[in-house]
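Note that this is a predicted model, so its numbers are computed, not measured. Read the numbers this way: they start at 1 and go in the same order the structure lists the ligands and their atoms.
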Amino acid sequence: MDDLRNKYIDLIAGASDEGALEDLRVQAVGKKGEISLKMRELGKMTPEERQTAGPALNALKDEINAALAAKKAGLADAALNERLKGEWLDVTLPTRAMRQGTIHPISQVTEEITAIFADMGFAVAEGPQIDTDWYNFDALNIPGHHPARAEMDTFYMHRAEGDDRPPHVLRTHTSPVQIRYMEKHGAPCRIIAPGRVYRADYDQTHTPMFNQVEGLAIDKDISMANLKWVLEEFFSAFFEIDGIKTRFRASHFPFTEPSAEVDIQCSWVDGQLKIGEGDGWLEVLGSGMVHPKVLAAAGVDPNEWQGFAFGMGIDRIAMLKYGIPDLRAFFDSDLRWLRHYGFASLDVPTLHGGLSR
Ligand code: PHE
């Protein structure tokens with residue numbers, strides 16, 4: 001039994017890989033292995049012989065199994081160490097000259113706007129960019145014959161031959177989200193709806209696709225005064241300048257009554273535009289008290305509820321804040337421009353952490 005033991009302990013110690021180890025296991029303690037066969041011989045022994053040989057054989061089997069397991073673990077460790085040596089990596093080496101992606105200024109500004117309005121209790125809503133003319137026009141008190149439809153330079157979708165229903169449109173503003181939101185959630189509500197809008201127009205200050213953010217606040221007693229406070233609060237936070245003044249000019253939109261266009265204070269010094277100082281004014285948005293017909297179209301009782309809405313060009317205020325001179329550059333996908341005006345991807349704008357740092 002000692003010979004058997006020494007033989008296998010030596011062989012196991014010398015095994016060079018897991019395959020050789022497995023062969024040894026079969027040879028020693030497998031079904032027809034040397035030690036297993038010896039155990040079968042126990043039956044032919046006298047009870048006295050068996051009393052000593054039995055436990056000894058069992059102990060031997062355990063010892064061989066333990067040696068096999070230990071060797072197997074040792075081989076695995078050695079293999080891992082070998083691999084680690086081969087795949088060793090100096091993490092202190094400088095990275096390769098790799099360009100990091102950046103956040104587009106429109107995405108950045110949308111996040112900034114969202115952070116500011118979220119702080120004032122506005123949720124973010126979304127609507128489809130392809131919408132029916134009912135949501136884009138009729139429900140907003142712009143009936144079929146209304147001149148505003150022509151003014152909007154609307155993109156109409158094709159209908160299949162013989163389909164007489166009015167065509168879908170690429171939404172010309174984010175205002176249809178007002179209807180969709182109130183229809184679904186009723187009043188009171190307080191939302192902003194940022195997103196893409198489309199108009200057939202192209203020059204230095206117009207692109208056929210651009211971005212707006214809609215604001216909507218409906219409750220029992222919301223007034224123009226609330227609108228003015230919210231907007232001034234917004235502009236001060238957005239431009240990071242305390243006490244920006246706004247100017248409300250009477251205007252007309254079919255979906256608000258009364259309506260106002262809103263300007264922010266600015267100055268032109270040596271051809272440079274400065275926000276929040278001086279005696280110039282820059283138009284930045286349209287707004288007003290939501291028209292009773294619009295509330296009714298969305299299933300909200302105008303005798304019970306009232307509130308304000310506004311629509312603001314995101315691209316416009318992004319250009320103002322970050323000194324971007326040409327609107328068209330936003331959508332050119334020019335890498336040099338994107339690297340220059342883009343934002344670090346991990347700097348998420350928050351009110352407490354800073355909006356644009
Ligand atoms: N939808 C208007 C536009 O695109 C803006 C607006 C929204 C005006 C809400 C008043 C109220 O010009």
Side-chain angles (χ1 to χ4, degrees), residues 110 113 117 122 124-129 131-143 146-155 169-182 187 189-201 205-219 222-228 230-231 234-235 246-264 282-298 300 302 305-318 327:
T110 302
I113 294 169
F117 278 104
F122 285 75
V124 175
E126 281 182 318
Q129 292 173 38
D131 215 336
T132 62
D133 69 339
W134 189 82
Y135 280 107
N136 196 79
F137 294 122
D138 299 78
L140 290 162
N141 194 30
I142 314 173
H146 198 285
R149 287 207 184 195
E151 275 164 33
M152 284 252 195
D153 303 308
T154 311
F155 286 111
V169 300
L170 295 186
R171 67 177 180 190
T172 57
H173 51 180
T174 43
S175 299
V177 186
Q178 290 185 32
I179 307 295
R180 287 182 173 276
Y181 191 86
M182 286 190 284
C189 67
R190 211 186 297 175
I191 54 147
I192 58 165
R196 295 178 176 187
V197 301
Y198 302 83
R199 289 178 204 177
D201 209 351
T205 51
H206 297 91
T207 50
M209 188 279 294
F210 57 104
N211 297 274
Q212 280 192 338
V213 57
E214 195 80 6
L216 176 71
I218 304 292
D219 211 321
I222 289 197
S223 71
M224 292 287 274
N226 298 128
L227 170 66
K228 189 171 166 81
V230 164
L231 290 178
F234 167 74
F235 287 122
T246 59
R247 183 174 73 171
F248 280 54
R249 279 178 295 106
S251 183
H252 176 264
F253 299 102
F255 31 90
T256 47
E257 182 60 37
S259 304
E261 280 175 305
V262 179
D263 305 336
I264 53 172
L282 249 178
E283 184 192 323
V284 283
L285 61 86
S287 66
M289 296 299 288
V290 178
H291 197 291
K293 282 191 178 171
V294 172
L295 294 173
V300 168
W305 305 97
Q306 63 179 39
F308 66 73
F310 62 83
M312 178 164 57
I314 293 181
D315 319 78
R316 184 81 195 281
I317 63 167
L327 174 72

Mind checking whether Phe255 contacts ligand 1 via backbone (N, CA, C, O), side chain (CB onward), both or neither, at a 4.0 Å heavy-atom cut-off?
side chain
Looking only at non-hydrogen atoms, find the nearest pair between Met182 and Cys189 and report the distance.
CG-SG, 4.2 Å
Touching ligand 1 at all, Arg199? Heavy atoms, strictly under 4.0 Å?
yes
For ligand 1, is there an atom lying under 4.0 Å from some heavy atom of Glu214?
yes
NE2 (His146) and CG (Asn141) are apart, to the nearest 0.5 Å, by 7.0 Å
Please determine whether the number of non-hydrogen atoms from other residues, nucleotides or ligands lying under 6.0 Å from atom CZ of Arg196 exceeds 12.
no
Quick check on ring pair (Phe, Tyr, Trp, His ring centres under 6.0 Å): which of Phe234, Phe117, Tyr181 does Phe122 satisfy it with?
Phe117
Main-chain N/O of Glu261 paired with Arg249 side-chain donor or acceptor, under 3.5 Å
no
Aromatic contact, His173 with Phe255 (centres under 6.0 Å)
yes
Report the nearest protein non-hydrogen atom to atom 7 (C) of ligand 1: residue, atom name, distance rounded to 0.1 Å.
Gly311 N, 3.2 Å
With backbone taken as N, CA, C and O and side chain as the heavy atoms from C-beta onward, which portion of Ser175 lies under 4.0 Å from ligand 1: side chain, backbone, both, or neither?
side chain
Could you tell me whether His173 and ligand 1 have an N or O pair separated by under 3.5 Å?
yes
So the atoms of ligand 1 within less than 4.0 Å of a heavy atom of Gln212 turn out to be 3 (C), 4 (O)
